[in-house]
Colleague: 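Would you mind keeping the following structure in view while I ask a few things?
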Amino acid sequence: MGGLKVKRAAGRKVDNLIKTIVSPLWSGRTGEGFKRCFFKDERLDVQRRTMMTVLWMLIPCVLGCGAAKNGAETPSTPNAKDEIADEEVPMAEREVVGETIEKVVERCGDKDRPRIERGVRQVAANWRSSDGDDEAFGAFCVEQFIADEAQLEVLHARIQDNLEQVHGHLLEVERYLREPTDLTRGDILPIDQMFAGYDLRSHVVEDLFTSKIAFVALLNFEDATLEEMLEDGGAWSRDAWARVRLAQMFSSRVPSEVEQQITAAFVGADDYINNYNIHMHHLLTSDGRRLFPEDLRLISHWGLRDELKAQYGQEGALERQRMIFEVMKAIVTQEIPAVVIDNPKVDWVVAANEVRPAGEDAKKKIPAKPEGNRRFEKMLGTFEAVRLADPYHTKTPTYVDRKFEVDREISKEQVVSLLESVLTAPVLEDVGALVSKRLGRPLEPFDVWYNGFTSRGDHSEKDLDAKVRAKYPSLEAFKKDIPSILGKLGFDKGTAAFLASKIEVDPARGAGHAWGADRREDSAHLRTRLGKDGMDYKGYNIAIHELGHNVEQVLSLNKMDHNLLAGVPNTAFTEGFAFTFQARDLELLGLPSKSPDKKHLTAVDTLWSTAEIAGVAMVDIALWDWLYENPGATPDELAAATARIAKDVWNRYFARVFGTKDQIHLAIYSHIIDGGMYTPDYPIGLIIQYQLEKHFEEKGLAGEMERMCRLGMLTPQAWMQAAVGAPISARPLIEDAVSAAAALKSAK
């Protein structure tokens, strides 16, 4: 997992912050505990204390941020109409706009008229009565428009450098505040969840508007549309791209109260997912047998899925896989007893859905009260939060629009078409037949996660765990080995050392993730799970995936000519690099595949994996469409819709391959609940990865990856064309899978 960095905003008034957060915490018995926590706990190291000092310094001095009034009181939801209640005519439609354009033209000359017209109108689209009256608007535009190219370049550089520091420092504070909820460092206190949901950056955009900085950017630089970027971007210089990206940072003006509620909703969903663990030793068969070892604690969905995949080729695997599958279905339907979630004190007879005290006689029962659609309450919470921002995005009025046209810069129709090209490919049935033949039985629905085509299937999970634990008994050992890992991937010694110096490794409370930096002086963070005996294979596999994200994040920030172009076009591209690293995990352990059919096996394995996650993405997209069609839905209604949609996607794309209908397990993915339609980036990332791999076969990985990362945030197709000489397409993967399936079918 990773994520495209989001440069959100920060900054309310410090008096509100002190009044609503600091003062209550500093007084009384709660205050004593607060002081002990931050200043008297001997476990706190120097870095932790230093970061708290930075937090206190940043809030009043850098940004003047604050919190909602009245402490725990939920901030009122702004209404777009209230914002312009005192304006009979929106600024963008007033006569003063045309008059101002002529005044600026008179001052600067007619040669700049196109820039002037666009800039003044971009300012007008975001100007509110609180920003000033008609006279103030006109005066601002006349005074602040810059015609001289040299001065314009200086302005752009100054804004860019300052924003790097603002966003970068705030990201560091946010990362620190979320450590208790993101990392396995002690119990989570109620105050930890409050701080994790407190988004310092939610105020930055609004503060940049009220300070007029955002208006200076909009007046002088072009906020290009997606259509303009796709049509004209190929001829733009690097400077032109950076200028467009600057203006796009202010293409909408969402109130800080709304941004804060969005952050709180996603943090709440993350917390729910991060603590959704199943203690596998406490799952019982109908006759009372335990199929899994002690202390095996798996997070949903990642841990459950990976354990199911790890069972292929193991003795007695089918019974264990079927039990995991039943657990998955119980989570989706919410029939899972709430008491078994992350609780080693009870046993769960999965088939009968009965709960008893751990190790007690079967006659002793505990009420198996279902979880009760809490899963869907969390998803509704994120939907209701992001919908608050809809009125402030005139060009992209729904979150679905923004995810595709703004975040991905690929239309929903194009993404769906790309995914369907894989899901409807006839070769998928041929690959399914190969899977069935290899298993020696008819396919079962969970075989959508079959992983036996890869060399991983040649090694037992137990052996892999032992090898990884011996090599990485701690996260410090993994961190120390990063230069060696990168060297094996082809990075020269100097580059490997530099990359390793910019990557920190932390123990994840959830499944794991990568968190990049926003300023070059900071480091990227790799988070993965660590067991009590050291890193196991699952944790290592995640770590290598996240390392791919981190390498991209470090290169695309520190090697970039313009900070405003830092990153890659969208999350799918960083996933593509992460999958590229992950595919080499056994090779990096010294266990390369020796199969002569490696290329063929890779093609069919990638197609099978891409189809599986494409199905998940189709469920995710359909669910968000349904939410907008049913904005007043209840958790029960969302649960029912999820089941219907998951079955429909399965029946449409998978039933012909598996011979079964009405399956719901594609809805198990946790990112459907807390990711805000993140899952489409996975199949797109796999498709991109396959195209990258074919390029790396000829050109090599390390040097080409660095070149690609330095391309920055172009549009996806422009980036792909520059990177590999072709647009994003599943055709290479499908064509190779057709050849591979035929070759493997004919092989003895």
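Quick caveat, the model's predicted, so the values are computed rather than measured.
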Colleague: Do the rings of F579 and Y682 sit parallel, tilted or perpendicular, given the 30° and 60° boundaries?
Modeller: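 Geometry flag for Y682 against F579: tilted rings.
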Colleague: For F376, does its backbone N or O pair with a side-chain atom of N373 as donor and acceptor, under 3.5 Å?
Modeller: no
Colleague: For H545 and F581, run ring-ring contact (aromatic ring centres under 6.0 Å, His included): C-alpha distance rounded to whole Å, both residues' side-chain angles, the deciding distance at 0.1 Å, then the answer.
Modeller: CA-CA 6 Å; H545 179 95; F581 274 53; 9.6 Å; no
Colleague: Do K412 and D625 sit within salt-bridge range, that is, some charged N less than 4.0 Å from a carboxylate O?
Modeller: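 D625 and K412: salt-bridged.
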Colleague: Measure across S746 and A743 and return the closest heavy-atom pair with its distance rounded to 0.1 Å.
Modeller: OG-O, 3.0 Å
Colleague: Looking only at atom types and distance, does a side-chain atom of N651 sit under 3.5 Å from a main-chain N or O of D662, one as donor and one as acceptor?
Modeller: yes
Colleague: State whether the number of non-hydrogen atoms from other residues, nucleotides or ligands found under 6.0 Å of K599 atom NZ is greater than 12.
Modeller: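 It does not: K599 NZ has 12 such atoms or fewer within range.
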Colleague: So, taking the atom named CD in E575 and the one named CD1 in I687, what distance separates them when rounded to the nearest 0.5 Å?
Modeller: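 Answer rounded to 0.5 Å: 13.0 Å.
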Colleague: I'd like to know if K329 and E335 make a salt bridge, using a cut-off of under 4.0 Å between side-chain N and carboxylate O.
Modeller: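 So K329 does not pair with E335 through a salt bridge.
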Colleague: Are any of the side-chain heavy atoms of K437 and K745 separated by less than 4.5 Å?
Modeller: no
Colleague: For H549 and F577, what are the C-alpha separation, side-chain angles and deciding distance, and is it a ring-ring contact (aromatic ring centres under 6.0 Å, His included)?
Modeller: CA-CA 7 Å; H549 283 303; F577 286 122; 9.4 Å; no
Colleague: Where does the angle between the aromatic ring planes of Y272 and Y276 fall among parallel (under 30°), tilted (30 to 60°) and perpendicular (over 60°)?
Modeller: perpendicular
Colleague: Do S421 side-chain atoms and L418 backbone N/O form a donor-acceptor pair below 3.5 Å?
Modeller: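 Answer holds: yes.
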Colleague: Run the salt-bridge test on D465 and K538 with the 4.0 Å N-O cut-off and return the result as yes or no.
Modeller: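 Looking at D465 and K538, the cut-off is not met.
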Colleague: More than 12 heavy atoms of other residues, nucleotides or ligands under 6.0 Å from CZ of R731: is that the case?
Modeller: no
Colleague: Please answer whether the main-chain N or O of M379 pairs with a side-chain N or O of T382 as donor and acceptor at a distance below 3.5 Å.
Modeller: yes
Colleague: So, taking the atom named CG in L419 and the one named CD1 in I621, what distance separates them when rounded to the nearest 0.5 Å?
Modeller: 6.0 Å
Colleague: Just verifying a value: how many Å separate L318 CG and Q311 CD, rounded to the nearest 0.5 Å?
Modeller: 10.5 Å
Colleague: So, does Q717 use its side chain to make a donor-acceptor pair with the main chain of I728 at under 3.5 Å?
Modeller: yes
Colleague: Please lay out, stage by stage, how N275 and D342 fare under the test side-chain hydrogen bond (donor to acceptor under 3.5 Å, both in side chains).
Modeller: CA-CA 7 Å; N275 293 285; D342 209 11; over 6 Å; no
Colleague: Quick one: does L464's side chain get under 4.5 Å of L591's, heavy atoms only?
Modeller: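 Yes, close enough: below the 4.5 Å cut-off.
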Colleague: Looking at every heavy atom in both S300 and I273, which two are closest together, and how far apart are they?
Modeller: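 S300 and I273 have their closest heavy atoms at O-CG2, 4.2 Å.
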Colleague: Atom OG in S609, atom CD in Q689: separation rounded to 0.5 Å?
Modeller: 9.0 Å
Colleague: Answer yes or no: is there an ion pair linking E354 with K365, defined by an N-O contact shorter than 4.0 Å?
Modeller: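 Salt bridge flag = yes for K365 with E354.
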Colleague: Nearest heavy-atom pair of L380 and T634: which atoms, and what distance?
Modeller: CD1-C, 3.5 Å
Colleague: Quick check: does any side chain N or O of H279 sit under 3.5 Å from a backbone N or O of R297, one acting as donor and the other as acceptor?
Modeller: no
Colleague: Check whether any side-chain heavy atom of H281 lies under 4.5 Å from a side-chain heavy atom of P293, and answer yes or no.
Modeller: no
Colleague: So R322 and E444, salt bridge (Lys or Arg N to Asp or Glu O under 4.0 Å) or not? Walk me through it.
Modeller: CA-CA 9 Å; R322 285 171 175 167; E444 298 207 18; 2.4 Å; yes
Colleague: For the residue pair Y628 and F383, is the inter-centroid distance of their aromatic rings smaller than 6.0 Å?
Modeller: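 Distance test on ring centres: under 6.0 Å, yes.
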Colleague: Please test F292 against W348 for ring-ring contact (aromatic ring centres under 6.0 Å, His included), starting from the C-alpha separation and ending with a verdict.
Modeller: CA-CA 13 Å; F292 298 93; W348 178 22; over 10 Å; no
Colleague: May I have the step-by-step check of salt bridge (Lys or Arg N to Asp or Glu O under 4.0 Å) for E693 and R584, ending in yes or no?
Modeller: CA-CA 11 Å; E693 290 281 20; R584 291 161 170 74; 2.7 Å; yes
Colleague: Between K699 (side chain only) and E704 (backbone N and O only), is there a donor and an acceptor less than 3.5 Å apart?
Modeller: no
Colleague: What's the shortest heavy-atom distance between A368 and N353, and which atoms?
Modeller: CB-O, 3.5 Å
Colleague: How are the rings of W302 and H671 set to each other: parallel, tilted or perpendicular (split at 30° and 60°)?
Modeller: perpendicular
Colleague: For R408 and D681, run salt bridge (Lys or Arg N to Asp or Glu O under 4.0 Å): C-alpha distance rounded to whole Å, both residues' side-chain angles, the deciding distance at 0.1 Å, then the answer.
Modeller: CA-CA 9 Å; R408 294 188 178 97; D681 293 317; 2.8 Å; yes
Colleague: Taking all heavy atoms of S436 and all of R441, pick out the closest pair and write down the distance.
Modeller: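 Taking S436 first and R441 second, the nearest heavy atoms are OG-O, 2.7 Å.
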Colleague: Under a 3.5 Å cutoff, is there a donor and acceptor pairing between the side chains of S417 and E420?
Modeller: no
Colleague: Check this for me: does any side-chain nitrogen of one of D295 and K532 sit under 4.0 Å from a carboxylate oxygen of the other?
Modeller: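 Yes, charged N to carboxylate O under 4.0 Å.
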Colleague: Please test L283 against V340 for side chain to side chain contact (heavy atoms under 4.5 Å, CB included), starting from the C-alpha separation and ending with a verdict.
Modeller: CA-CA 9 Å; L283 305 184; V340 309; over 6 Å; no
Colleague: If you look at every heavy atom in A603 and Y690, which pair is closest and at what distance?
Modeller: CB-OH, 3.7 Å
Colleague: May I ask you to check whether W449 and Y312 place their ring centres under 6.0 Å from each other?
Modeller: no
Colleague: Would the distance check show the side chain of R656 and the main-chain N or O of Y653 forming a donor-acceptor pair, the cut-off being under 3.5 Å?
Modeller: yes
Colleague: Tell me if the CD atom of E697 is crowded by more than 12 foreign heavy atoms within 6.0 Å.
Modeller: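 Atom CD in E697 is crowded, with more than 12 foreign heavy atoms closer than 6.0 Å.
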Colleague: Walk me through it: do K694 and D736 pass the test side chain to side chain contact (heavy atoms under 4.5 Å, CB included)?
Modeller: CA-CA 11 Å; K694 290 181 76 69; D736 284 358; 2.9 Å; yes
Colleague: In terms of ring plane angle, is the pair F325 and H665 parallel, tilted or perpendicular, where the classes change at 30° and 60°?
Modeller: perpendicular
Colleague: Any salt bridge between R289 and E319, counting N to O under 4.0 Å?
Modeller: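 Answer for the salt bridge query: yes.
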Colleague: Angle class for the Y540/Y472 ring planes (parallel below 30°, perpendicular above 60°, tilted otherwise)?
Modeller: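 Because their plane-to-plane angle is under 30°, the rings of Y540 and Y472 count as parallel.
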Colleague: Going through the checks in order, is the side-chain hydrogen bond (donor to acceptor under 3.5 Å, both in side chains) test met by D605 and T602?
Modeller: CA-CA 5 Å; D605 179 66; T602 297; over 6 Å; no
Colleague: To the closest 0.5 Å, what do you measure between CG (L284) and CG (D347)?
Modeller: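 If we round to the nearest 0.5 Å, L284:CG and D347:CG are 4.5 Å apart.
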Colleague: Check step by step if ring-ring contact (aromatic ring centres under 6.0 Å, His included) holds for W608 and Y450.
Modeller: CA-CA 8 Å; W608 194 251; Y450 175 75; 7.5 Å; no
Colleague: Under 4.0 Å between a Lys/Arg side-chain N and an Asp/Glu carboxylate O for D648 and R652?
Modeller: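 A salt bridge is present here (some side-chain N lies under 4.0 Å from a carboxylate O).
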Colleague: Please check if the side chain of Q334 supplies one atom and the backbone of R374 the other of a donor-acceptor pair under 3.5 Å.
Modeller: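 Such a contact is found between Q334 side chain and R374 backbone.
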Colleague: Do H301 side-chain atoms and S670 backbone N/O form a donor-acceptor pair below 3.5 Å?
Modeller: yes
Colleague: State the CG-OG1 distance between L601 and T606, to the nearest 0.5 angstrom.
Modeller: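 If I round to the nearest 0.5 Å, the distance is 10.5 Å.
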